[in-house]
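Along the sequence shown, the residues carry numbers beginning at 1.
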Amino acid sequence: MKTSLSILYLFLILSFASCEDKESSSKNTLESGSTKEEVTKKTSKIDSLKAKYSKKEAKATKDEKETDDRFPIPQEQLIPFLTAYGKENPENHIRIITSFGNIEVKLYHDTPLHRANFIMLVKKDYFNNTFFHRVAPGFVIQGGNSDNIATPRKRSQIGDYLIPSEFKAGHKHTYGAFSAAKYSEQNVSKASSPFEFFIVMDKNGTPHLNNDHTVFGRVTKGMDVAEKIAKVKTGQSEWPIDNVEMDIEIID
């Protein structure tokens with residue numbers, strides 16, 4: 001009889017302890033977790049956000065594709081393309097960033113094709129990681145090319161075209177003039193290269209370049225930086241021994 005009571009007493013203790021664990025477990029779940037309804041609401045909200053951002057990403061991809069459909073630019077479409085682009089993108093102040101310091105340039109609105117082309121290239125990040133690849137002390141420093149494989153690839157994606165000269169604006173090759181390079185071979189119209197530019201470093205100017213290259217801007221700040229670049233050591237073809245890399249950004 002005594003043994004039976006002990007067993008019964010032990011059974012009651014175990015049953016009571018089991019009920020406490022279940023009650024405690026349930027309480028902890030409500031305090032630190034979520035109910036089934038709350039979980040369902042959270043899941044629905046996350047799904048809604050995913051759908052929202054998926055639509056945004058899809059639209060961004062579509063817009064990017066539509067923009068890229070304009071490239072490469074064919075020569076016959078260049079003037080209407082740059083004319084329209086210039087109206088949509090009126091910026092004309094840029095900053096050339098180098099390890100020697102920054103050079104700020106104002107682009108002229110009365111050379112609209114050259115200005116629009118340059119702003120377009122900056123916005124497409126063409127110039128980033130290109131170099132001042134030609135340094136001729138007392139004459140010019142020229143930029144916009146590199147020996148990186150990315151540069152010709154970018155050029156082919158943008159287009160194989162030349163920009164018609166804009167000499168009528170009348171800008172001269174004075175000290176600090178910002179001018180367009182050009183290909184001399186089979187270029188009787190003196191059209192400009194879309195990708196390369198130079199800064200005049202001759203303090204007396206380079207008048208023999210007038211009406212041969214299009215001046216489409218001028219340095220407004222940082223000619224001291226340009227002078228430092230003009231003093232770097234060069235090898236063959238006036239290419240600096242140590243690359244003078246650049247990034248270009250739009251100021252306004």
Asks: Under 3.5 Å, is there a donor on one side chain and an acceptor on the other for S146 and T130?
Replies: no
Asks: Decide whether H93 and D252 meet the rule of one side-chain donor and one side-chain acceptor closer than 3.5 Å.
Replies: yes
Asks: Any chance the side chains of H171 and D110 put a donor and an acceptor closer than 3.5 Å?
Replies: yes
Asks: Looking at W239, is its backbone amide N or carbonyl O close enough to the side chain of S237 to form a donor-acceptor pair, meaning the two atoms are under 3.5 Å apart?
Replies: no
Asks: Compare all side-chain heavy atoms of T206 with those of H208 and state whether any distance is below 4.5 angstrom.
Replies: yes
Asks: If we count only N and O atoms by modelled type, under 3.5 Å, do the side chains of R70 and Y85 hold a donor and an acceptor together?
Replies: no
Asks: For a 4.5 angstrom cut-off between non-hydrogen side-chain atoms, does K203 reach Y175?
Replies: yes
Asks: Any luck finding a side-chain donor-acceptor pair between N92 and K106 under 3.5 Å?
Replies: no
Asks: Contact between L113 and F81 at the side-chain level, heavy atoms closer than 4.5 Å - yes or no?
Replies: no
Asks: Are the charged groups of D242 and K233 less than 4.0 angstrom apart, N to O?
Replies: no
Asks: Centroid-to-centroid, F118 to F127, below 6.0 Å?
Replies: yes
Asks: Any side-chain heavy atom of E166 within less than 4.5 Å of one from F216?
Replies: no
Asks: Are the side chains of L78 and L162 in contact, using a 4.5 Å heavy-atom criterion?
Replies: no
Asks: Would a hydrophobic clustering, with Ile, Leu, Val, Met, Phe, Trp and Tyr connected at side-chain separations under 4.5 Å, put F132 with V232?
Replies: yes
Asks: Might you point out which heavy atoms bring Y161 and I73 nearest each other, and give the distance in Å?
Replies: CD2-O, 3.8 Å
Asks: Could you tell me whether the side chain of N145 reaches within less than 4.5 Å of the side chain of R155, counting heavy atoms only?
Replies: yes
Asks: A side-chain contact here means heavy atoms from C-beta on lying under 4.5 Å apart; do F197 and H213 qualify?
Replies: no
Asks: Is there side-chain contact between K190 and F167, with at least one heavy-atom pair below 4.5 Å?
Replies: yes
Asks: Count I, L, V, M, F, W, Y as connected when their side-chain heavy atoms are under 4.5 Å apart, and connections chain through other members. Are V105 and F198 then in the same cluster?
Replies: no
Asks: Check this for me: does any side-chain nitrogen of one of E91 and K123 sit under 4.0 Å from a carboxylate oxygen of the other?
Replies: yes
Asks: Would E196 and H133 count as having a side-chain donor-acceptor pair, cut-off 3.5 Å?
Replies: yes
Asks: Is the backbone of I248 close enough, under 3.5 Å, to the side chain of N128 for a donor and an acceptor to pair up by distance?
Replies: yes
Asks: Search all heavy atoms of A230 against all heavy atoms of P137 and return the closest pair with its distance.
Replies: O-CG, 3.4 Å
Asks: Would a hydrophobic clustering, with Ile, Leu, Val, Met, Phe, Trp and Tyr connected at side-chain separations under 4.5 Å, put V244 with M201?
Replies: yes
Asks: Which heavy atom of S165 sits nearest a heavy atom of S189, and at what distance?
Replies: OG-O, 3.8 Å
Asks: Show the numbers, then the answer: is there a side chain to side chain contact (heavy atoms under 4.5 Å, CB included) between R95 and I251?
Replies: CA-CA 6 Å; R95 180 183 291 116; I251 300 175; 3.8 Å; yes
Asks: Which one of N211, N210, D212 satisfies the side chain to side chain donor-acceptor pair (under 3.5 Å) criterion with H173?
Replies: N210
Asks: Grouping I, L, V, M, F, W and Y whenever their side-chain heavy atoms are under 4.5 Å apart, do I141 and F178 come out in a common cluster?
Replies: yes
Asks: Check this for me, if you would: do D125 and K154 make a salt bridge, where the nitrogen-to-carboxylate-oxygen distance has to be below 4.0 angstrom?
Replies: no
Asks: Taking A181's backbone N and O only, do any of them form a donor-acceptor pair with Q142's side chain (distance below 3.5 Å, no angle check)?
Replies: no
Asks: Checking T174 side chain against A177 main chain: does a donor-acceptor pair fall under 3.5 Å?
Replies: no
Asks: With a 3.5 Å distance limit and no angle check, can you tell me whether S193 reaches the backbone of F195 through a side-chain donor-acceptor pair?
Replies: yes
Asks: Checking the side chain of S179 only, and the main-chain atoms of T214 only, is there a donor and an acceptor separated by less than 3.5 Å?
Replies: yes
Asks: Among I163, L107, I119, L82, find the one that has a side chain to side chain contact (heavy atoms under 4.5 Å, CB included) with H114.
Replies: I163
Asks: Does a sphere of radius 6.0 Å around CG in D160 hold more than 12 heavy atoms from other residues, nucleotides or ligands, not counting ones at 6.0 Å or beyond?
Replies: no
Asks: Determine, step by step, whether E104 and V219 satisfy the side chain to side chain contact (heavy atoms under 4.5 Å, CB included) criterion, reporting the C-alpha distance in whole Å, the side-chain angles of both residues, the deciding distance to 0.1 Å, and the verdict.
Replies: CA-CA 6 Å; E104 295 184 7; V219 174; over 6 Å; no
Asks: Look at the side-chain heavy atoms of Ile, Leu, Val, Met, Phe, Trp and Tyr, link any pair under 4.5 Å apart, and say whether I199 and I229 land in one connected group.
Replies: yes
Asks: Do D202 side-chain atoms and N204 backbone N/O form a donor-acceptor pair below 3.5 Å?
Replies: yes
